[in-house]
Enquirer: 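The structure under discussion is supplied below as structure tokens; questions concerning it will follow.
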Number of protein chains: 2
Amino acid sequence: MLARAGDEGGGIHVVRTTVQDVARAAGVSVSTVSRALTGGIVSPATREAVLEVATRLGYQPNRAARGLITGRTGNLGLIVPDLRNPFFADVAKGVTARARAVDHGVFITDTDEDPVAELEALATLGRNTDGVLLCSPRASDADLLAAADPETTVLLHRRVPGLPSVVADIAGGIRQAVRHLRALGHRRIAYVCGPEDSWAAQQRLAALSTAGDLELLPLGGLAPTFDGGLLAGDLVLDSPVTAVLAYNDLVALGVLHRLAARGAVVPERMSVVGFDDVSLAAMSHPPLTSVAVPKDRAGAVGLDLLLGRTGATAEREMVLPTGLVVRASSGVARP
Amino acid sequence: MLARAGDEGGGIHVVRTTVQDVARAAGVSVSTVSRALTGGIVSPATREAVLEVATRLGYQPNRAARGLITGRTGNLGLIVPDLRNPFFADVAKGVTARARAVDHGVFITDTDEDPVAELEALATLGRNTDGVLLCSPRASDADLLAAADPETTVLLHRRVPGLPSVVADIAGGIRQAVRHLRALGHRRIAYVCGPEDSWAAQQRLAALSTAGDLELLPLGGLAPTFDGGLLAGDLVLDSPVTAVLAYNDLVALGVLHRLAARGAVVPERMSVVGFDDVSLAAMSHPPLTSVAVPKDRAGAVGLDLLLGRTGATAEREMVLPTGLVVRASSGVARP
DNA sequence: GTGAAAGCGCTAACAC
DNA sequence: GTGTTAGCGCTTTCAC
């Protein structure tokens with residue numbers, strides 16, 4: 001596959017097989033090689049011969065060179081705030097899986113929650129890929145609109161008018177969670193709010209506000225993390241609620257943890273419901289009831305949208321259904 | 001940043017700024033633009049002028065074209081079995097963070113635990129990047145040696161003679177865990193084995209075998225997952241051990257879960273120690289004692305190795321230290 | 001210090 | 001059906 005040749009510098013120099021090499025070895029022209037490899041019009045015999053030589057030489061096309069002429073690099077970009085967050089890990093998984101299926105490469109940029117890095121990455125990737133999938137919970141609509149080309153960008157888990165997007169039906173999810181809790185007899189519930197500047201957090205709060213016939217205690221100013229959940233745990237125990245709905249599963253896990261530490265049995269003393277249904281939700285004790293968000297599917301759908309593989313219509317805003325996964329952390333209210 | 005021009009097809013066509021455009025606008029030649037942008041010899045005045053025009057036009061270099069001539073793409077590849085596994089998510093985080101710092105792009109391929117996909121990805125990425133970081137717990141040494149170019153590949157968390165690698169001091173970690181348990185009075189412990197074909201699993205078992213003065217009960221044939229841990233939980237309760245060391249934290253979490261469900265209090269009835277110290281370890285109930293493996297650092301170090309940024313010596317095998325993080329899941333043995 | 005020109009590896013007209 | 005040639009966007013000799 002690789003040949004090494006001596007180098008004046010005394011080092012080792014790796015020489016890679018090119019179309020030229022294949023053409024020479026197969027006794028045809030470079031264009032014939034190109035055609036044989038990319039599915040152009042070639043005689044079956046020639047194609048087979050070229051293919052044979054190509055594999056024998058371990059030829060791997062240089063995608064950069066190909067992209068230079070075709071205008072398509074065969075690469076995509078994915079920008080996420082934090083790969084360590086299981087939510088985004090799931091999204092990334094969905095994207096890479098689909099990309100592999102359609103033979104595309106994926107550049108992943110982890111911006112470490114920094115909106116500036118997000119915009120930078122968008123500029124760089126926008127130039128060097130066929131399109132980019134962007135998870136940007138924090139950046140402003142204006143910044144996004146200014147930095148993103150609607151032709152080659154798809155927003156994931158966020159909607160901004162003017163930009164294609166794939167989002168989950170958050171309101172529907174909230175509605176199911178609330179209905180579930182009401183059916184269990186809960187009338188007063190706490191809601192651990194997400195970051196005020198987060199689009200998803202705003203969606204949840206809005207959906208919750210319209211869920212009437214329920215006394216809602218919003219708990220704000222907490223980090224959307226396990227630690228934030230620990231704090232929230234004490235707050236809910238200090239309030240007259242019988243259930244708590246968390247901004248996401250990480251927070252819910254923190255609540256669960258604090259409740260256990262304080263000896264408050266879940267769900268007897270307090271019901272806990274999470275959001276996102278990351279894989280951890282099934283691993284907690286007790287297992288966490290959570291609103292299931294199609295994270296990986298959103299990634300895959302976004303990719304299809306980007307590549308125009310999606311249905312004929314110019315559907316630029318996809319809403320994916322959510323569901324409620326009932327586990328052991330929610331139960332009947334005991335006043 | 002982007003200009004749109006009408007297209008005969010009636011569609012919209014995105015035109016990107018090139019060196020040509022910048023040169024024209026700045027009233028200089030393309031080579032001067034190139035020099036100004038890449039730090040060549042240009043008069044300060046010219047450089048400033050070019051830079052100004054470039055930013056005004058939103059010029060972003062086409063890395064593919066640049067790579068075609070320089071031979072360096074500025075891109076790296078990372079191959080992992082599963083991004084959803086927090087262990088690899090951490091590795092990926094370390095790689096992307098370091099890559100961003102040195103201004104490189106990262107292609108991430110999730111092979112879905114498929115060794116064949118791993119080798120394919122290696123071939124493709126090897127051709128289209130400056131080097132690849134490979135997490136391949138399962139592939140055989142021979143396959144790896146055949147497919148990987150030692151000049152442009154670094155193995156992460158695995159050692160194969162002949163290939164550069166970055167590994168954690170697994171034996172040291174095992175030793176610390178064992179010493180900890182012994183100090184707490186444990187004399188009979190169970191070990192939940194990892195997959196037999198996994199390099200890391202073999203390392204752990206080997207290190208454990210030499211940890212004398214301890215009765216070891218190996219539990220094999222279990223998946224290295226939460227579910228595998230659930231099964232292991234019942235097995236340990238059915239055996240005369242007072243502590244269990246798990247292949248990794250996911251397994252340990254499963255054990256913890258099953259123990260709790262069966263009413264076995266941790267650590268009073270049974271001590272549990274995990275491996276890897278993924279972020280979940282701190283979120284379990286009780287928080288999990290675990291061997292800390294520098295996952296993200298391994299990624300960063302591997303990247304430096306690849307780019308030759310590491311110390312002068314031709315050190316091709318790095319061993320990173322491990323540590324033991326003692327949390328509440330381990331305590332004194334009660335016979 | 002700057003410009004003209006060659007060419008990286010590849011595909012897409014265009015001839016034959 | 002196949003070969004020849006131009007050129008994608010960029011860097012890098014080589015003259016000046």
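Reminder, nothing fancy here: chain letters follow the sequence lines and each chain counts from 1. None of these values were measured; they are calculated from a predicted model.
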Enquirer: Any donor and acceptor pair, going by atom type alone, linking the side chain of A:Arg158 with main-chain N or O of A:Ser136 inside 3.5 Å?
Expert: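 A pair under 3.5 Å: yes.
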
Enquirer: Are OP1 or OP2 of C:dG3 and a side-chain N or O of B:Ser29 less than 4.0 angstrom apart?
Expert: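 Checking B:Ser29 against C:dG3: at least one side-chain N or O falls below 4.0 Å of OP1 or OP2.
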
Enquirer: Starting from P on C:dC8, measure out to CG on B:Asn62 and report it in whole angstrom.
Expert: 18 Å

Enquirer: Please give, in whole Å, the distance from D:dG1 C1' to A:Glu48 CD?
Expert: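 Going from A:Glu48 (CD) to D:dG1 (C1'), I get 17 Å.
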
Enquirer: With rounding to the nearest 0.5 Å, note down the distance linking CZ in A:Phe88 to CG in A:Asp82.
Expert: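 That separation rounds to 7.5 Å.
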
Enquirer: Is the phosphate of C:dG1, meaning OP1 or OP2, less than 4.0 Å from a side-chain N or O of B:Thr32?
Expert: no

Enquirer: Where the side chain of A:Asp21 meets the backbone of A:Thr18, is there a donor-acceptor pair that is under 3.5 Å apart?
Expert: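 Answer holds: yes.
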
Enquirer: Enumerate the residues from residues 64-76 of chain A whose closest heavy atom to DNA chain D is under 4.0 Å, giving them by residue number; use none for an empty result.
Expert: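 Going residue by residue through residues 64-76 of chain A, the ones with a heavy atom under 4.0 Å of DNA chain D turn out to be A:Leu68, A:Ile69.
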
Enquirer: Check whether B:Asp110 reaches the backbone of B:Leu83 with its side chain - one donor and one acceptor, N or O, closer than 3.5 Å.
Expert: yes

Enquirer: Just how far, in rounded Å, is C1' of C:dC8 from CG of B:Asn128?
Expert: 14 Å

Enquirer: Test side chain to side chain contact (heavy atoms under 4.5 Å, CB included) on B:Val30 and B:Thr32 and set out the steps.
Expert: CA-CA 5 Å; B:Val30 286; B:Thr32 300; over 6 Å; no

Enquirer: Scan B:Ser31 against the nucleic acid and name what it touches under 4.0 Å (heavy atoms): base, sugar-phosphate only, or nothing.
Expert: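 B:Ser31: base contact, heavy atoms under 4.0 Å.
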
Enquirer: The side chain of B:Arg35 lies closest to which of these nucleotides: C:dG3, C:dC10, D:dG9?
Expert: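 Given the options C:dG3, C:dC10, D:dG9, the side chain of B:Arg35 is closest to C:dG3.
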
Enquirer: To the side chain of B:Ser43, which of D:dC10, D:dT2, C:dG1 is closest?
Expert: C:dG1

Enquirer: Cut-off 3.5 Å, side chains only: do B:Ser34 and B:Ser31 have a donor facing an acceptor?
Expert: no

Enquirer: Without swapping roles, check the side chain of A:Lys295 against the backbone of A:Val293 for a donor-acceptor pair under 3.5 Å.
Expert: yes

Enquirer: Give one of base, sugar-phosphate or nothing for A:Arg47, where a contact means two heavy atoms less than 4.0 Å apart.
Expert: nothing

Enquirer: When all nucleic acid strands are considered with a 4.0 Å heavy-atom cut-off, which category describes B:Arg63: base, sugar-phosphate, or nothing?
Expert: nothing

Enquirer: Nearest whole Å is fine: how far is D:dG9 P from B:Leu37 CG?
Expert: 16 Å

Enquirer: Separation of A:Ile41 atom CD1 from D:dT2 atom C1', in whole Å?
Expert: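 After rounding, the reported distance stands at 11 Å.
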
Enquirer: Closer than 4.0 Å, any side-chain N/O of A:Arg24 to the OP1 or OP2 of D:dG3?
Expert: no

Enquirer: By nearest heavy atom, map B:Val42 and A:Thr38 onto DNA chain C; which one lands nearer the 5' end?
Expert: B:Val42

